[in-house]
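Working notes, beginning with the structure itself.
Because the structure is a prediction, the values reported are computed rather than measured.
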Amino acid sequence: MREERIHKYNLLKNSFKIDPYLLNLEDSEAGLSKQLWQEFKTKRILATDIHKNFENLAQGDLSEEITWVAGRIHNNRNSGMFLDLYDETGKIQIVNERTELEGGYHNAEEDKHLLDLLDKGDIIAVYGKPYRTPRGELSIKTIDLWILSKAILPPPEIIENKRRRLGLTDVEVRYRERYLDLMVNPQVKETFKRRAEIVLGIRQFLNEKGFLEFETPILQTSAGGAAARPFVTHHNTLNMNLYLRIATELHLKRLLVGGFEKVYEIGRIFRNEGISTKHNPEFTSVELYQAYADGQDMMQLTEDLICRLAQSEEIEHLGEKINLQKPWRRVQMSDLVQEVTGKDFDIANCSLEQAKQQAQELKIEIGSAQTVGEILYKVFEEKCEAKLIQPTFVLGYPWEDSPLAFVSANSTCSMKDQETQNTREAKYAERFELFIYGRELANGFTELNNPFRQKEAFLAQQKLKDKGNEEAHPLDEDYIKALEFGMPPSGGLGIGIDRLIMLLTNSASIRDVILFPTMKPLV
RNA sequence: GGGUUAUUAGCUCAACGGUAGAGCAGCUGACUCUUAAUCAGUUGGUUCCGAGUUCGAAUCUCGGAUAACCCA
């Protein structure tokens, strides 16, 4: 098939003197080319607009309004008489009356042959008049047409009609050759359009609230701000290893030290971890930090943001109705665990022995967990996470896993609880995570701005690292130095944008919302 | 990391130990007719790769690749 197309390409070039990759309007013998090209660029109409503008054109009627359209041919009936032309907005039918085709820069005789050389997949420009066929299909009746790009490979069949199982369904091809997926699966195009709108919506929301967007380093000498294994790369002239960032947190908080009070960054994050329907090695997050605020403010902001992006108080996600009506549930992790398992793992009431015993009763492998808090977290992950279908803020994270958050007795994520941090042994981090449909969507806390506490927390992480925990947070002396200059008390929030888009576009896999997901090469 | 499943023509799939097939696409022709156009004819294969069992393998066995899903 490819050979056939190449043959046609050569025919066009040699017999017609047309290079089907150039704007052949330029080569017109009629001398009108430049003028026509200008006209084309300024007057081209999108398919949806034609349908809108000529809605009332009666059957069989021909409008006198000269119209330009362009797009890809996806279907061809009656030997080129009817073409289905698709642009970004949809389909418009082209009607070619061979006997009526006038010459533009090629004469009518040649047009006949030109029609025969058109293939599915070719991108063409059409100059003609709106026309509703006797059968009622709004079309463009061609006066002249030009090949703008010859397709050597045919496009997969476009799916508009489910009556037969065709089109491109192989997920592997859809991910590897996403352009084909976009070309023929309208709902895929719709998802990514929505993605662009959501990201724009986040920017608009934050900008309205006075946040400033910044760009912080992706290449870092120390990959901090989260618990994850980083990718390592090498800088040749500095002759040193660098890490790809696993979070934007520590640099954004340096901006708070510098005096900005509301900052955010939307950007790519890299984590050297497994791939699943919820994980891609590179993904997009938005992190924001607000001075003179706390975790409470961050929860409210999260609600406001997501509700605005959803544009509806109830959405349907993979068969579940998700009620987004504010305020969303806020619950302590230990209360939630008790609710689900009937066992009390609250650090205040539960000894390490009891916690281990209870975990065993629940048949939960505690693995490396050494404290009540860590066991609580394991039980939560095992027993509760998947059940959090409706939006839920989970509070009261064990401090061991939250080295960048304030620690308090009550973990209400409110600033006034900080004063109780002296008796750290019985404490939770002032941290929350948002779950919807069992998926972690956001993570926020009242930021730790005490450099001494921060250093202690880093040193505790260092010990874990020494024990072989590759996800433990590295000691970042430079960040501690920044805190020593003083960071205002602040709230911080991170949202996984891909997962948020999954939720809002009703997508089951993160790969359905990432245009080019990470794949192993075929050879 | 473990398990399950899949990989056959450009696309969607069949053939389940006995000559590798269909629909669509492509090509040739008919038809100013259509919208899944139709009609007639027709081309097209390293059955993901490699080894084994067998008279005979797309099919059974083993190994590998890639992917999807589930579990950790």
Could you go over nucleotides 27-29 of chain B and give all protein N or O partners under 3.5 Å, atom names and distances?
residue	atom	partner	partner atom	Å
C27(B)	OP1	Lys8(A)	NZ	2.5

In a table with atom names and distances, give each donor-acceptor pair under 3.5 Å that connects a side chain of residues 374-387 of chain A to protein atoms at least two apart or in another chain.
residue	atom	partner	partner atom	Å
Glu374(A)	OE1	Gln370(A)	N	2.8
Glu374(A)	OE1	Thr371(A)	N	3.2
Glu374(A)	OE1	Thr371(A)	OG1	3.4
Lys387(A)	NZ	Lys383(A)	O	3.3

In this structure, how many angstroms lie between the [atom2] atom of [N] and the [atom1] atom of [X], rounded?
X: Met81(A); N: U38(B); atom1: CE; atom2: P; value: 17 Å
X: Tyr86(A); N: U35(B); atom1: OH; atom2: P; value: 14 Å
X: Leu153(A); N: A25(B); atom1: CG; atom2: P; value: 18 Å
X: His74(A); N: A36(B); atom1: NE2; atom2: C1'; value: 15 Å

What pairs with [X] under side-chain hydrogen bond (donor to acceptor under 3.5 Å, both in side chains), at least two apart in sequence or on another chain?
X: Thr392(A); value: none
X: Asn349(A); value: Asp344(A)
X: Glu361(A); value: Lys343(A), Gln357(A)
X: Arg329(A); value: Glu339(A)

Next on the checklist: Keeping Asp498(A) on the side-chain end and Thr284(A) on the backbone end, is there a donor-acceptor pair under 3.5 Å?
Outcome noted: yes
Checklist entry - Is the phosphate of A37(B), meaning OP1 or OP2, less than 4.0 Å from a side-chain N or O of Asn75(A)? => result yes
Next on the checklist: Taking ring pair (Phe, Tyr, Trp, His ring centres under 6.0 Å) as the definition, give me every residue that meets it alongside Phe393(A), ordered by chain and number, with sequence neighbours left out.
Outcome noted: Trp328(A), Phe432(A)
Next on the checklist: Checking Tyr437(A) now: which residues fulfil ring pair (Phe, Tyr, Trp, His ring centres under 6.0 Å) with it, not counting sequence neighbours?
Outcome noted: His317(A)
Checklist entry - Is Arg72(A) close enough and on-axis enough to Tyr86(A), meaning under 6.0 Å and within 45°, for cation-pi? => result no
Checklist outcome for this item: In B/S/- notation (B base, S sugar-phosphate only, - none; protein heavy atoms under 4.0 Å), nucleotides 66-72 of chain B written 5' to 3' is SSSS---
Checklist entry - Sequence neighbours excluded, which residues qualify as side chain to side chain contact (heavy atoms under 4.5 Å, CB included) partners of Leu62(A)? => result Glu64(A), Lys129(A), Tyr131(A), Lys141(A)
Checklist entry - Quick one: side chain to side chain contact (heavy atoms under 4.5 Å, CB included) partners of Pro156(A), sequence neighbours excluded? => result Leu168(A), Leu180(A), Val184(A)
Checklist entry - Taking the nucleotide of RNA chain B with the closest heavy atom to each, which residue, Pro134(A) or Lys120(A), is nearer the 5' end? => result Lys120(A)
Next on the checklist: By nearest atom, which of the nucleotides C24(B), A37(B), U35(B) is closest to the Glu137(A) side chain?
Outcome noted: U35(B)
Item to check | Where RNA chain B forms stems, i.e. three or more consecutive Watson-Crick or G-U pairs with both distances under 3.5 Å | outcome: B:1-7 with B:65-71, B:10-13 with B:21-24, B:26-30 with B:38-42, B:48-52 with B:60-64
